[in-house]
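By convention in this document, chain letters (A, B, ...) are assigned in the order of the sequence lines, proteins followed by strands, and residues within each chain are numbered from 1. Hydrogens, waters and symmetry mates play no part in the numbers below; they use all other heavy atoms, side chains included.
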Amino acid sequence: MVAPATLRVVRCGGSTLHGARAVFSADSYLLCASGDFVKMYSVATEETLRVMGGHADLVTGIQLNPHNHMQLYSSSVDGSIKLWDFMDGIPIKTFVVGSKLLALYALAHCEDSVFVVIPKHGERDTFQLVSVKLTKAAGQDLEAKELSVVLDGVDASPKRIAFGREGEYVASVKDVNLQVYFFKQKQLNRFSVSATKTKSGNNHFTCIACHPTEDCIATGHADGKIRLWRNFYHKKEYTFSTLHWHHDTVMDLAFSMEGTSLLSGGVESVLVLWHNESDCQRDFLPRLGSAIEYISMSSDGALCCTLHTDNRITIINSNLRFSKSIQGLIKSTDVKTGLVVDPRTKALVLNGEPGHLQFYCLQSDQQLFSLDIVQRQYIHQAGLNQADLVKVAFSAQGKWLATVEEREEVTDPELQLKLWFYDEETQSFKLNTRINMPHEDHITDMCFRNMDELEDDSLILVTAGRDCVFKVWVMVEDTDPEAQQSVSWSCDFVGSYHNYQATNCCFSEDGSLLAVSFEETVTVWDSVTWDLKCTFCHPPGKIRNICFGRLTCSKYLIGATDHGFLCCWNLLSCALEWSAHLNVLVLQPDPLSEHIAAVSWLSKESSLFVFKPNEPRPIYIQRNLCKEKIQLAAFVPRDEPETIGSEKYLWLRRSQLFFLTDTQELMTLSTKSLEERLTPSSKQLAVEESLAVTPFSLLLGKHRRQQSQEDIDLGKLVVRNKHEKDSPAVKELLHTPAHVLPSASFLCPIFINSLLISKENKSAEEVADEVEMESEKTEDDSDEERDVTETEQEDTSPMELLGEMTCKLSKSQEKELRKIRKMDYSWISAF
Amino acid sequence: MATYKPVVVQAFPKLGERITQDTVYWRGYKTPVQIKEFGAVNKIDFSPVPPYNYAVTASSRIHIYGRYSQEPIKTFSRFKDAAYCATHRDDGNLLVAGSEEGSIRLFDISGRAPLRQFDGHTKAVHVVGFLSDKYRIFSGGDDYSSNLWDIPSATEIASYSEHTDYVRCGCASKVNADVFITGSYDHTVKLFDARTKSSVMTIEHGQPVESVLLFPSGGLLVSAGGRYVKVWDVLKGGQLLVSLKNHHKTVTCLCLNSSGQRLLSGSLDRHVKIYSTTSYKVVHSFNYATSILSLALSPEDETIVVGMTNGVLNIKHRKPEERKEKSRKKRQPAYKTYVKGRTYMPKQEDFCVSKPVKRVLRKYDKLLKSFQSSKALDAVLEPPIRLHTPEVTVAVMQELHRRGTLRSALAGRDEKQVNLLLTFVARRVIEPRFTPVLVTVADMITDIYQPVVGQSAIVDRQFLRLQEAIGKEIDYQEELLEVLGMMDTLFATFTKKRATYLEENKSNGLTETIETNMNN
């Protein structure tokens, strides 16, 4: 924060959860691979406890260390295997393998090696299963080059290899072939099913699971069948039986811990529990929301969890009862609604589950709630044409919500416009009016007249449609005087312009003017009399986006055309003010300032331009924002204005710009440096919850008592607000387990320096901000740690002389501090 | 985890009259009783005391009818020419009536011969009435004068000749014994105070005043004349509160209901309109056979009596309140079982296990839930659903279409079922709310059963009926389009005119409304 960092593009909103099967730890934590990170959730509270970052690319496999269940192996496409202490969230060791790792398996009986899937050298699209010997040498970064090939020609997907009972054999499937390799006999058996094509798909293998106690292999197929293979020691006399319920691809299979039942899941989003491997005894858990990608069981068999394609983890009890779900940002394939900000919660609103609207809180990276708009049963079946949400608009205060849903039909689309009223009592939106077929064709744009100061009855909604008209909807009170005073919406005005399709609509800031673009022309209408005031045109090219300037620039109207022009019209003179040659994809005005962000697409890179309408020179340009095409953008108001050093980034002061690429990555721009962002907001040590009375805690307890005593004695308020500021350095020192700390002599000056109060290089505002930030952090810390810093700071705070600092620590305290540093933490992990 | 969402059955707004509390209330009358009088009924007046007999003035007679009697229980017929405006006194003992020859007669309700006769008007007296002190009578006559009479001495107290045309209606204040109003064909309503020599207030109605009415509070005055009913605030010096134009012929009579919440107006256009006195909107209206001259409502709104120009008296009695005792017969579970466990308040340390609410699904929903498309379609083709709630049938068809299983659900049916389906489609396909779905269904049925056409006479007949229905609808739509085209040309000429008007700087309300219509 001291030096103005450059603006960086930061991914946010979490990555997809379906890199690999989730893993239950022994003590009710759930570990998931999520993009480049490994996330740890608490099963009890659904909370994200820790995000472990360190891999440079996608994490493809996670497995508990079979010899120490407090440790976790993770493999990544960047070619490294990391061993984590997931309780503390720190990497213990990194093994560099060298080639892409696509799956990871760790077995109990293999003392010091794990199995990974790597691409075969020199050949494309062929993969092999190799075992990697993990050296026991000291040091953090190790090379693991001892590879021995186990199986050739395997599939890259981690679901298609499974290890059998006690690691005696490994089975792998690819296309229509199943191969089983027995380690002891060094025998490879190959089986294949004859390739058939039916209506529901071919019978390629899709997944495999091995029975934990018996010699039995279950395979899932693309046509929805599950085959149970037995007697596969013999090449010829093997047998298999078939279970069939799924009508589409079986996505994953899992045996229960005892092997008595088998779980399967697929696109239908139904979890099927097969008892005793028979076709007739089965239980279902239907309507899990979206296609099941992975199924995993906890080691005690009490829980099972499914990972879904829509970034959700569902935790299910052993008796097939839904227990909990952890929901990330749902990344639907096509965000038709655009990015909208809910004025009430400041949450990002976009398409969620099919037919739902998700309210996604950016600060806490979790879904606030999901509003069912379509209210119809969603059928999980490929190729079905079902109603989905296409447009969303909020009124200024978030009191009204308008949604448009449509179902693509060959003959005529099914359209519905719904208006929702925010019910204060139930704290949710309630359906007020439903309008069937508001337009005869697709609705292209929709906006409310946002007038904060005026009464509610002046609220106006405008929809623009491809049927060449725009319609104005107003609230009307129900005519019957004796009826409850409820309002409903009805059409007030229909406008058109030369039978052109209406493409965009937009209200000016004061709501007096409505701009509607009709293909190549922008028309401006008076919102009281609905008279056409003037038209603007900048041929060639149809209008892609329009928006009004705000605040001091409210006399300008900005439009972007298909042929790569950005035009600014002056509404007073009705003339073109300036225009620029720019292929603008997204035009987004900041609701709190006069800045407008334009994202352009120029030959394989997106660039960002921020400008004010009253001057043609942009105030900020970032070329090569990202490689993907940016589809949508939104300014989200900050809770409090951020202090930004550089004048260049002043436009980011009051709101933050988020954008969504066509690969469904949510990104934002940040001025903070990388380190600042990476410090996790909650540095809660999970160990401390379970920490019993240890010498360390006793020691801290003693301090606390001492300190409180002193507090009472001195009664100093100064001291109190002092320790709010304990620096990150101190906390880092106290949080990091000893075995990864550098030497004490190296730490000492940092530690001492951190206790100094430097006033010179910080402006008052910055200090205040820092206090805010730090105080948030300290809240998360447990009492014990705070007390340590308290005692230490109390000694130093009254005087700010540098020299005296060191002697200020009393001898006993110094001794204790040294003791702390010397102590080895690794025994903690045994708890 | 989501539960099964039942099929959404689209509710469509009911066309036509909306059912409100008012419609329910005012429809609660039996079929009317009609009594033929000798001439046009010019006044009906209910006795203010039970048993609420009413006096009907028609031609030269005054008939007194009992509540349920079809025959008059008493008749006053001592008039040489037409009698007018027989009115009861507040205690129900005396009756006063004007007459064509100009004399006013006072009758005892039990007697036969007039007790008093007041002479002084030179022409017909169309309006008489008691002041609220019971001892004085006001009258208005065709000699333009409004007079005040003393009952005991049968003498004229005062005479006001302020109107410039026939005085045809009047009303006394219930609050002040000295105040009465009269309405005249000179378009004015005048308020008189017996203590002063001249009128206190004059209200300009704008049309010949046919009827006036004072609210029980005395603060509001209602006048009817021409097509207008106007409400005036007397206390604000006769300010116009609201002007109602809901009839298309002259409004002849006014009446308040017993609670004072509703105002009724009868008109020559054969309608009685009922207004809410809070919003002055029409909440209900009655239709009659001929033009209405007089109207009265008994206390508690038990009876509506309407007199018409052809001498027919139309009497409507309220239906007795329906007793809801039928449900009593069903034996309810004992109170104890009913409240068992419901009154238990959980203690703080109790762990509450909520019982899952079992949702009851309709049969077709259950079948849809288990993906049994054909059976679901069968379920909604059962007679009660198909006949009474066709929207459910159509909603399920739509849902099946959405799931892509409509074709298989329609296929494989025998002659009887195809006949049923086709009957339904042929009957409902022309309803606009069902058309989009049923057109698809009809399409599929013809596709599926094309090979078997000609094998069954019944099915073939249904196919022909369907073709006929669709053909008719197409013809109808074509006609409508033609009309629309004609209207467009008309509107186009109107807009041209408007442009010329604009040049002359004149605004024309008519063309402007047409212009907005066109925009719509």
Test side-chain contact (heavy atoms from CB on, under 4.5 Å) applied to A:Arg287 and B:Lys5, step by step: CA-CA 10 Å; A:Arg287 289 180 289 278; B:Lys5 290 171 203 155; over 6 Å; no
Considering residues, nucleotides and ligands other than [X], do more than 12 of their heavy atoms fall under 6.0 Å from its [atom1]?
| X | atom1 | result |
| --- | --- | --- |
| A:Phe284 | CZ | yes |
| B:Tyr280 | OH | yes |
| A:Lys324 | NZ | yes |
| B:Gln477 | CD | yes |
| B:Glu431 | CD | yes |

Can you tell which part of A:Gln416 gets under 4.5 Å to a heavy atom of chain B, answering side chain, backbone, both or neither?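 A:Gln416 touches chain B through side-chain heavy atoms alone.
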Roughly how far apart are A:Asn436 CG and B:Arg433 CZ, rounded to 0.5 Å?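 Reported value, rounded in 0.5 Å steps: 12.5 Å.
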Measure the spacing between NE2 of A:His247 and CZ of B:Phe371 and express it to the nearest 0.5 Å.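 Those atoms lie 7.0 Å apart.
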Can you find a heavy atom in the side chain of A:Arg434 that is under 4.5 Å from one in the side chain of B:Gln10?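 They are in side-chain contact.
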Given heavy-atom pairs under 4.5 angstrom as the criterion, report whether the side chain, backbone, both or neither of B:Gln398 touches chain A.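 Side chain only.
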